[in-house]
Structures are given as structure tokens and as C-alpha cells.
Amino acid sequence: MNGDVLAIDLGKTGCRVALWADGRRLDGAGAGAPGLAVPGGAALAEAAILAVAMPLLRTAKIGKLKAVCVGAAGMLAAPEAARVLAQRLCAHLPAESVAVASDAVTSHAGALAGKAGVVLAVGTGAVAIAIGPGGVLHRADGWGPRLGDEGGGAWLGLEGLRAALRATDGRGPATTLMHAAVLRFGVLTGLSALMEGHDNAPGLAATFAPDIYHHAEAGDAIAAGLIRQAAAALAATAAAAAFRLVDMGPVPFAAVGGLLNLGPLLTVPLLATLHTDMPWLEHASAHGTSLDGALLLAADHGTVHEPTLVRVVAMECAAGLPFTAVTAPSSNKKVKGTLP
């Protein structure tokens with residue numbers, strides 16, 4: 001790698017930054033931003049990034065960066081905001097170039113080491129990204145907790161809470177999830193108000209996903225059924241993206257994300273379904289993380305991911321841009337137990 005590089009993984013609940021300089025790596029973390037698609041998303045993203053990146057640059061005594069790459073939530077829905085973010089960062093960081101990609105794209109690049117293929121990313125949300133040799137991106141799900149993200153942590157947590165409430169009312173079968181929900185959230189009569197008033201309701205719901213898995217392992221039929229439903233939904237999401245590359249021949253595939261760490265009750269049926277329905281998928285462990293992907297995309301302009309990102313060079317920002325000080329909202333502090 002020639003020159004110092006800054007890689008950033010900016011999510012809605014957290015911001016992770018890695019600086020590669022003089023053969024060493026420095027890491028930092030802080031609050032995230034609500035996404036590029038919200039009003040003022042670019043400015044909020046910039047503030048969150050600079051709050052973590054600037055201390056790293058000062059610690060390393062970096063005067064100039066070869067490149068910066070950000071994987072940002074909401075980029076696919078707001079490409080113009082992504083360009084504004086790239087320009088603002090280029091104006092306020094000592095970088096020769098700045099690239100902004102979707103955080104799903106940097107996860108893809110990290111997992112498959114910059115090659116074409118399919119990546120299923122499952123944390124609080126759920127999305128599958130397929131990128132072919134020509135750089136065309138296909139997405140399946142990733143529609144957010146209200147409209148999609150089926151099989152993800154928030155979806156699973158909410159389905160478990162609904163089952164607990166049905167059991168409480170007598171509208172549904174008995175389940176130990178009722179007691180688990182009380183232990184996790186307190187008296188269930190206050191659950192609705194807690195969810196509606198929380199600044200990160202999907203993240204809060206996702207904290208219940210490990211409880212559901214534990215009770216499925218312990219033999220609760222309702223919990224076990226929800227884990228099976230999650231596996232089926234995730235397999236369908238991966239398949240929808242993978243079929244876009246069916247003419248590619250053997251297709252590299254990786255599954256990443258915190259929810260997959262729950263265990264084999266989830267991962268075994270998920271991977272078995274994909275193996276049966278799409279034997280041309282070549283499943284392998286992920287090569288790296290989204291930060292590794294951001295590093296790769298910062299330094300290499302020739303990957304299949306290049307058409308999916310926004311990249312600006314210092315000359316485009318030579319005149320500078322007015323900087324509006326923005327404080328990253330406190331609502332983006334991580335919820336304990338939130339899945340990445």
C-alpha cells in the first residue's frame with residue numbers, strides 16, 4: 001500500500017475508523033449517524049466521522065492521506081448526499097481522494113476480497129448484495145425494519161415479542177418467550193411505550209434475538225419456529241440476489257454479520273437451503289470485514305465495486321466548502337447488546 005489510508009464504517013448506531021499509517025493500524029470508534037437518506041444526512045455523517053477520525057490523525061501525526069473510503073448506511077438510497085459527504089470530507093481531511101460507498105458494498109468488498117459474487121449481511125437488519133464482473137449491483141431486501149429486513153435481528157426480536165404478547169393475552173400458544181421478555185424489558189404492559197419512545201427501536205428489538213435463540217435451544221416450540229422462519233427468510237433474500245448472477249458460473253458467496261453468531265440452529269438450515277437450491281454457489285468464510293473492504297476500495301480503483309461508489313479528488317474541493325459545525329445526535333449511542 002502506497003501512502004496512508006483512512007477506512008470508515010459508518011452505521012446508524014456506531015462509527016468505526018481504522019487508520020493505516022507507517023505500517024501500523026490505529027482504530028477508533030464513536031457514535032453513528034442516522035443515514036445519508038435523512039434530511040441533513042451528509043452533514044450529520046461528516047460530524048460523526050470527524051469526531052472519530054481527527055483524534056486518530058492527531059495521534060498518528062498525519063499531515064496527508066493518500067485516500068479515504070467511507071462505507072455509509074443509506075448511500076444506495078441517497079447517492080447525491082453521498083457526493084456531498086465525499087466533497088465535504090475531501091475539503092476537511094488532508095486527503096488526495098475520498099470515496100463513499102454503501103456500508104453493504106464495503107461489507108461485500110471485505111468479505112469477497114474485492115471480487116464479484118454474493119454477500120448476505122445479517123445484523124440488526126438483513127440485505128444481500130450481488131455484484132457481477134461488470135460491476136452492476138443487485139440488492140435484495142435491506143428495506144429497513146418497517147418494510148423489510150426479514151430474518152434480521154430486529155425482525156426476529158419483534159416477532160418474538162409479538163409471540164410473547166399473544167401468549168400473555170391468551171391469543172396465542174404458551175411460550176417461555178413471555179418470561180424472557182419480562183426479564184429483558186420489564187412489565188410487558190409498558191413494552192409498547194418503551195418501543196415507541198426509544199431512539200433506536202430496531203436496535204432495542206434486536207437485543208431480544210439471542211434470548212429467542214436460547215429458548216429455541218431449550219426446546220420452546222414457538223422460539224424454534226421463529227428461528228426456522230428467520231433462516232428461511234434469509235435464504236430467500238440470498239437466493240433473490242444470487243439468481244442475478246446465475247449466468248456467471250460458480251459464484252462466490254459469503255454470509256456475514258452478528259446475527260449469524262447465534263449458532264447452528266440458524267446457520268445450518270440457511271446454508272443447507274442455499275446448497276440445495278443453488279449448488280453453483282461457492283460458500284466460503286469471509287476474507288475480511290467492512291473496514292477491510294473500505295481499505296481495499298480506498299486504495300484500489302479497479303475493483304468490480306467502483307461503479308457503485310462516489311469518488312472525488314482533492315482538486316474538486318480545492319476551493320473548499322463552508323463547514324457547518326454539527327454534533328452527532330446522542331440518539332446514535334450504541335444500545336447494549338445491539339447486533340452490528
Side-chain angles (χ1 to χ4, degrees), residues 11-14 32 73 103-104 107 119-128 140-168 172-173 175-186 188 190-192 194-196 198-238 255-271 273 286 289-290 332-340:
K12 294 182 179 180
T13 58
D103 56 349
S107 291
V119 171
L120 173 67
V122 193
T124 298
V127 63
D141 209 342
W143 296 117
R146 292 183 181 274
L147 299 176
D149 287 352
E150 295 180 28
W155 177 92
L156 180 58
L158 287 171
E159 288 299 311
L161 290 173
R162 291 187 180 105
L165 292 175
R166 284 194 292 267
T168 300
T175 171
T176 57
L177 294 180
M178 180 176 64
H179 307 292
V182 171
L183 289 175
R184 172 71 63 176
F185 300 107
L188 295 187
L191 185 58
S192 180
L194 175 64
M195 286 292 173
E196 291 179 7
H198 201 277
D199 51 19
N200 185 14
L204 183 62
T207 65
F208 195 48
D211 297 320
I212 297 169
Y213 189 89
H214 171 74
H215 283 266
E217 283 188 311
D220 184 89
I222 300 301
L226 291 177
I227 297 298
R228 288 194 297 272
Q229 290 178 41
L234 294 173
T237 295
V256 300
L259 194 75
L260 301 178
N261 294 330
L262 289 179
L265 286 183
L266 178 66
T267 56
V268 168
L270 164 61
L271 297 178
T273 298
T289 67
S290 56
N332 292 305
K333 292 180 181 178
K334 284 193 175 182
V335 177
K336 185 177 180 180
T338 298
L339 297 164

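Just so you know, residue 1 is the first one in the sequence shown, and it goes up from there. In this text, all values refer to a predicted model and were calculated from it rather than measured experimentally.
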Listed by chain and number, what are the side-chain contact (heavy atoms from CB on, under 4.5 Å) partners of Ser107, not counting sequence neighbours?
Ser290

Examine distances only and state if a side-chain atom of Asp220 and a backbone atom of Ala223 form a donor-acceptor pair shorter than 3.5 Å.
yes

Please give me the minimum heavy-atom distance between Leu259 and Gly123, naming the atom from each residue.
CB-O, 4.1 Å

Looking at every heavy atom in both Trp155 and Gln229, which two are closest together, and how far apart are they?
CH2-CB, 3.9 Å

Which residues pass the side-chain contact (heavy atoms from CB on, under 4.5 Å) test with Ala224, not counting sequence neighbours?
Ala216, Arg228

Roughly how far, to the nearest 0.5 Å, is CE of Met178 from CG of Leu161?
13.0 Å

Does Asp211 have any salt bridge (Lys or Arg N to Asp or Glu O under 4.0 Å) partners at least two apart in sequence or in another chain, and if so, which?
Arg184

State whether the side chain of Tyr213 and the backbone N or O of Leu265 hold a donor-acceptor pair below 3.5 Å, judged by distance alone.
yes

I'd like to check the side-chain contact (heavy atoms from CB on, under 4.5 Å) partners of Pro269; sequence neighbours left out, ordered by chain and number.
Ala231

Indicate the atoms forming the closest heavy-atom contact of Ala209 with Leu262, along with that distance.
O-CD1, 4.3 Å

Looking only at non-hydrogen atoms, find the nearest pair between Ala235 and Thr273 and report the distance.
CB-CG2, 3.8 Å

I need the Ile222 CD1 to Arg162 CZ distance, nearest 0.5 Å.
15.0 Å

Quick one: which of Ile227, Thr175, Leu177 gives a side-chain contact (heavy atoms from CB on, under 4.5 Å) with His215?
Leu177

Heavy-atom nearest pair, Leu234 first then Gly152, reads CD2-N, 4.3 Å

Got Asp141 and Asp149 here, is their nearest side-chain heavy-atom distance under 4.5 Å?
yes

Could I get the full list of ring pair (Phe, Tyr, Trp, His ring centres under 6.0 Å) partners for Phe208, not counting sequence neighbours?
Phe185

Spacing of CG belonging to Leu266 relative to CG belonging to Leu226, to within rounding of 0.5 Å:
11.5 Å

Which residues pass the side-chain contact (heavy atoms from CB on, under 4.5 Å) test with Ala128, not counting sequence neighbours?
Leu120, Ala140, Thr237, Ala241

Sub-4.5 Å side-chain heavy-atom contact between Glu159 and Ile212
no

